[in-house]
Amino acid sequence: MKLKPARMLSEVLTHLFKKPATSGYPFEKARVTARFRGRIDFDSGKCIGCQMCVRVCPSKAIEIPLSEEQFAAPPVQQGQPAVPAKKQFDCIMKLGSCVYCWQCAETCPKHALITTQDFELAQIDPSKLVRHYK
Amino acid sequence: MHTDSLLASAVYLIVFPGFIFLTAYGLFLQWVDRKLCAVMQNRVGPPWYQPTADFIKLLAKETIIPDACDTAIFKVLPYFAIAAVISALMLIPLWKTESLFAPFQGNMVVVVYLLTIPTVTFFLAGWSSASPYSTVGSMRVLTQLFAYEVPLMLSLIGPAILAGSWNLSEISVFFAGRPALMAAQLIGFLVAILALQGKLERMPFDIPHAKNEIVGGQFTEYSGRLLAYFNLAVDMELVVGAALLSAVFLGGAWGLYGAAGLALFLAKTLAVTFLLALLKVLMARLRIEQMVNFCWKILAPMAMAQILLDIVIKSRL
Amino acid sequence: MSKITIPLGPQHPALKEPENFMLVLEGEQIENATINLGYNHRGMEKAAEERTFIQNMYLLERVCGICSHSHTTCYVTNVEEAAKAEVPERALAIRVLVGELERVHSHLLWLGVAAYEIGFETLFMYTWRDREQVLDCLELLSGNRVHYSINTIGGVRRDITPEQKNEVLKRINFLEERTKYYIKVATEEPTVRARAANVGKLPYEVALERGAVGPTARASGVKRDVRKDAPYLLYDKLDFNLITHDSCDVFGRVVVRALELMESYKLIKQVLNYLPEGPLTVKVPPRIAPAEVVNLYEAPRGEDIHYLKTNGTDKPERLKVRAPTLANLQSVTYMLEGGWLADVPLVIAAIDPCMSCTDRAMVYDRKTDKTQVYDWEDLRRLGIEAYKRKGVDFSKF
């Protein structure tokens with residue numbers, strides 16, 4: 001096989017007149033694709049507290065406790081059995097543990113876990129990584 | 001000696017073109033080199049103040065001296081390296097035809113000799129730190145010294161023969177008036193650039209401190225201020241090496257003086273730095289035995305051919 | 001001159017992951033090399049026994065960052081085989097597609113690392129810049145650049161739309177051009193040839209004897225590729241060549257990987273153009289009847305083996321991962337001995353090591369010839385005792 005000394009010379013010289021390939025993040029915004037898996041948000045109105053997401057989470061990052069404030073039961077209708085109030089649930093998401101696999105959002109039967117594309121989630125204070133959605 | 005000339009000497013040594021100017025320009029050339037490499041590699045590269053910031057940061061850091069090392073030698077070596085480089089600069093014509101000190105016959109040999117001292121201090125630095133990486137690194141420094149020193153000297157002899165002088169300023173004056181002869185030194189210039197790359201221990205000849213193999217090489221145990229001075233000595237060596245090549249091969253100051261001469265000097269050293277950066281970008285690091293083979297089997301014969309060519313030209317003049 | 005023993009690692013610029021190589025040097029040449037493993041044991045296999053099958057997907061993805069798809073695909077195939085599930089063809093095709101994209105990104109990464117180890121930073125920068133293209137493809141298809149999580153038990157999670165197909169094809173065509181250029185650079189640049197040719201020799205017989213796998217074996221002329229020998233997914237229906245090289249050195253490994261890149265581009269185009277129609281997943285019950293399954297997968301680094309034992313619950317009874325690096329490490333000592341110190345980083349890099357994927361802990365007592373597996377409490381106790389001997393007391397924590 002033949003050898004050519006300084007094989008990359010022309011390529012290297014053309015790069016003298018090209019812009020660097022490096023992106024200027026954080027000075028310019030980083031783009032992510034539409035399928036990018038980011039932070040999980042929570043819709044308390046849809047949650048039925050089935051705890052499916054808690055069980056499926058590979059990194060034990062989710063807790064679904066009962067909310068402190070609960071709605072009062074609807075007034076009993078004449079001739080109808082008493083309907084209990086729909087229970088309200090919170091969601092505690094430990095972003096430090098989350099591996100952003102979105103398995104919880106796919107498992108949720110009521111689509112109460114909402115997928116977003118947030119990725120700039122770094123914190124200096126670790127306690128801020130625990131998000132309490134109400 | 002006169003008080004005036006003593007004062008002038010002190011200014012030359014300490015302010016311009018000595019320690020302070022050489023430090024500033026050395027750091028600047030380091031930035032130019034890094035930036036050029038970065039651009040050619042399609043990267044952004046460091047901002048202009050990065051080498052200075054690195055230098056200041058290292059000055060502020062703690063200096064750790066290993067227990068096993070020879071403390072006195074270990075501490076004193078960086079200053080030797082810097083002193084040798086500054087002395088070499090004083091003998092090279094910079095922005096005017098004459099060098100600042102000692103424009104005597106044979107100052108070219110003295111410059112090459114003085115430029116060997118930093119390499120020897122690198123060897124001693126590695127050897128005295130008594131760590132396996134530095135030991136291997138310092139052995140490589142010496143092996144490499146024997147490899148590139150001969151082609152470098154041979155490549156400088158060619159122009160000297162043609163100019164009939166061992167005085168750097170006379171050589172530069174000779175070539176400044178004869179551009180055709182300057183062009184005939186192309187092979188010698190190429191050899192000198194490659195050998196200088198070896199002397200400065202840069203890619204593809206950065207074998208003594210190849211980081212993938214022996215971590216920091218001869219400087220593994222150095223830290224803080226001492227490391228800063230060693231790095232500075234390497235940067236200054238780049239300036240002096242570029243100045244030497246521009247004096248021998250590129251016709252020195254071309255008879256210019258003052259600001260114009262200085263601008264020409266800067267332009268030429270920048271051009272040499274560009275060539276050195278290009279070499280750095282284009283090649284993979286060689287093994288030490290390949291480096292020795294390359295220097296003795298390819299560079300040295302090329303330099304000899306240049307000398308023969310010069311002798312032939314000389315006989316026809 | 002006296003001999004010097006140089007420790008290469010666990011912390012060393014040439015190693016991206018902590019392992020230790022003790023090199024006995026005679027001048028610049030290596031007389032003896034020993035490998036010490038075990039700096040990076042993460043207890044993955046034990047952790048897998050505590051998690052459900054679906055959770056293990058995400059755990060095993062993290063066995064290795066670079067061949068994350070290889071490990072999950074191998075694991076998922078095991079689970080599906082144990083559950084006797086029929087995976088739809090479209091899902092298999094998407095798995096092949098992501099697998100080949102992963103091979104492309106891994107080989108480009110390797111090319112850059114190898115260039116860096118021989119001090120050729122320009123080639124390193126260029127290959128890694130172009131590798132961004134394939135990472136973008138992976139993000140486009142799966143959502144993430146490294147942990148794609150495209151597999152799920154019984155199929156794949158994301159479909160491929162026609163726009164995505166065109167975008168991927170566009171980038172692959174670009175990469176094909178660039179790869180042709182890199183092949184030219186790697187084979188024609190004299191300094192690369194000088195550093196790679198005749199370095200890290202591994203003759204055919206030794207490669208067989210020491211059980212080398214993947215590109216390391218193929219560069220020694222061993223025709224060994226799981227995709228050909230025991231086709232999984234859709235590989236028996238696809239057209240590609242098994243690349244081998246007879247030079248038995250690092251240069252051969254460069255060539256094999258570079259040509260494999262071209263084969264991968266071919267495979268990606270085939271899969272994208274003939275994507276079978278159909279559903280993406282089948283339902284697999286969470287509990288799986290007792291079974292024992294072994295599966296092989298050709299990861300970018302070589303043959304990856306997963307063993308799975310199920311016991312009727314929703315968690316595996318035992319999971320064993322044999323990463324390709326473990327198979328190739330046996331050859332490294334052979335390749336190092338008699339070589340130059342300067343070649344050590346390149347020779348180690350040439351097997352494309354993935355140390356963290358490799359490390360497993362097993363205690364072997366040489367005197368009594370017994371092996372023993374410690375549980376968590378034992379390990380904790382032993383750790384505390386070891387530190388006590390060094391004068392640090394951790395028992396308070």
Side-chain angles (χ1 to χ4, degrees), chain B residues 33-34 36-45 126-127 130-144 194 197 201-217 219-220 277-294 297-298, chain C residues 1-9 11-16 21-30 112-130 132 185-186 189-199 254 339-349:
Chain B
D33 173 44
R34 283 167 68 175
L36 276 174
C37 287
V39 171
M40 286 192 270
Q41 292 172 345
N42 213 354
R43 294 187 282 129
V44 175
W127 197 255
S131 119
Y133 294 126
S134 359
T135 311
V136 175
S138 57
M139 284 189 301
R140 286 179 175 189
V141 171
L142 267 201
T143 320
Q144 192 163 312
L194 280 164
Q197 193 84 338
E201 293 177 5
R202 290 150 53 88
M203 217 75 97
F205 304 130
D206 65 339
I207 309 162
H209 52 84
K211 58 180 175 290
N212 314 76
E213 297 153 25
I214 46 173
V215 192
F219 302 137
T220 308
L278 197 60
L279 276 180
K280 185 172 156 187
V281 166
L282 280 176
M283 283 176 219
R285 183 191 304 122
L286 294 174
R287 269 202 303 268
I288 186 78
E289 111 280 7
Q290 287 168 341
M291 196 269 176
V292 176
N293 270 343
F294 175 72
K297 290 185 183 162
I298 298 173
Chain C
M1 202 166 67
S2 63
K3 287 170 193 165
I4 312 174
T5 306
I6 282 199
L8 198 89
Q11 266 88 45
H12 191 278
L15 299 172
K16 275 82 204 163
F21 297 81
M22 293 304 284
L23 308 169
V24 180
L25 288 187
E26 174 87 52
E28 278 274 326
Q29 266 169 323
I30 295 156
V113 170
Y116 178 70
E117 300 294 11
I118 58 172
F120 200 172
E121 286 185 9
T122 314
L123 186 58
F124 163 56
M125 293 293 168
Y126 286 1
T127 47
W128 279 45
R129 178 195 65 196
D130 295 335
E132 286 299 308
V185 169
E189 167 65 38
T191 48
V192 174
R193 277 295 281 275
R195 284 305 301 275
N198 290 319
V199 166
V254 176
W340 296 85
L341 170 64
D343 293 329
V344 173
L346 181 64
V347 170
I348 296 173

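A, B, ... follow the sequence lines: proteins, then strands. Residue 1 opens every chain.
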Spatial distance of atom [atom1] ([X]) from atom [atom2] ([Y]) [nearest 0.5 Å]:
{"X": "C:Q29", "Y": "B:E289", "atom1": "CD", "atom2": "CD", "value": "8.0 Å"}
{"X": "B:Y133", "Y": "C:I4", "atom1": "OH", "atom2": "CD1", "value": "12.0 Å"}
{"X": "C:T122", "Y": "B:L278", "atom1": "OG1", "atom2": "CG", "value": "9.5 Å"}
{"X": "B:I214", "Y": "C:I6", "atom1": "CD1", "atom2": "CD1", "value": "7.5 Å"}

Is the shortest side-chain heavy-atom distance between [X] and [Y] below 4.5 Å?
{"X": "B:R43", "Y": "C:R129", "result": "no"}
{"X": "C:E28", "Y": "B:M139", "result": "no"}
{"X": "B:R287", "Y": "C:D343", "result": "yes"}
{"X": "B:V281", "Y": "C:E121", "result": "no"}

Sort [X] into side chain, backbone, both or neither according to what part of it lies under 4.5 angstrom from a heavy atom of chain B.
{"X": "C:R195", "value": "both"}
{"X": "C:V199", "value": "side chain"}
{"X": "C:L346", "value": "neither"}
{"X": "C:F124", "value": "neither"}
{"X": "C:E117", "value": "both"}

Side chain / backbone / both / neither for B:L282 at chain C, heavy atoms under 4.5 Å: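 For B:L282, backbone heavy atoms alone lie under 4.5 Å from chain C.
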Checked B:K280, B:R285, B:K211 vs chain C; the most non-hydrogen pairs under 4.5 Å come from B:R285
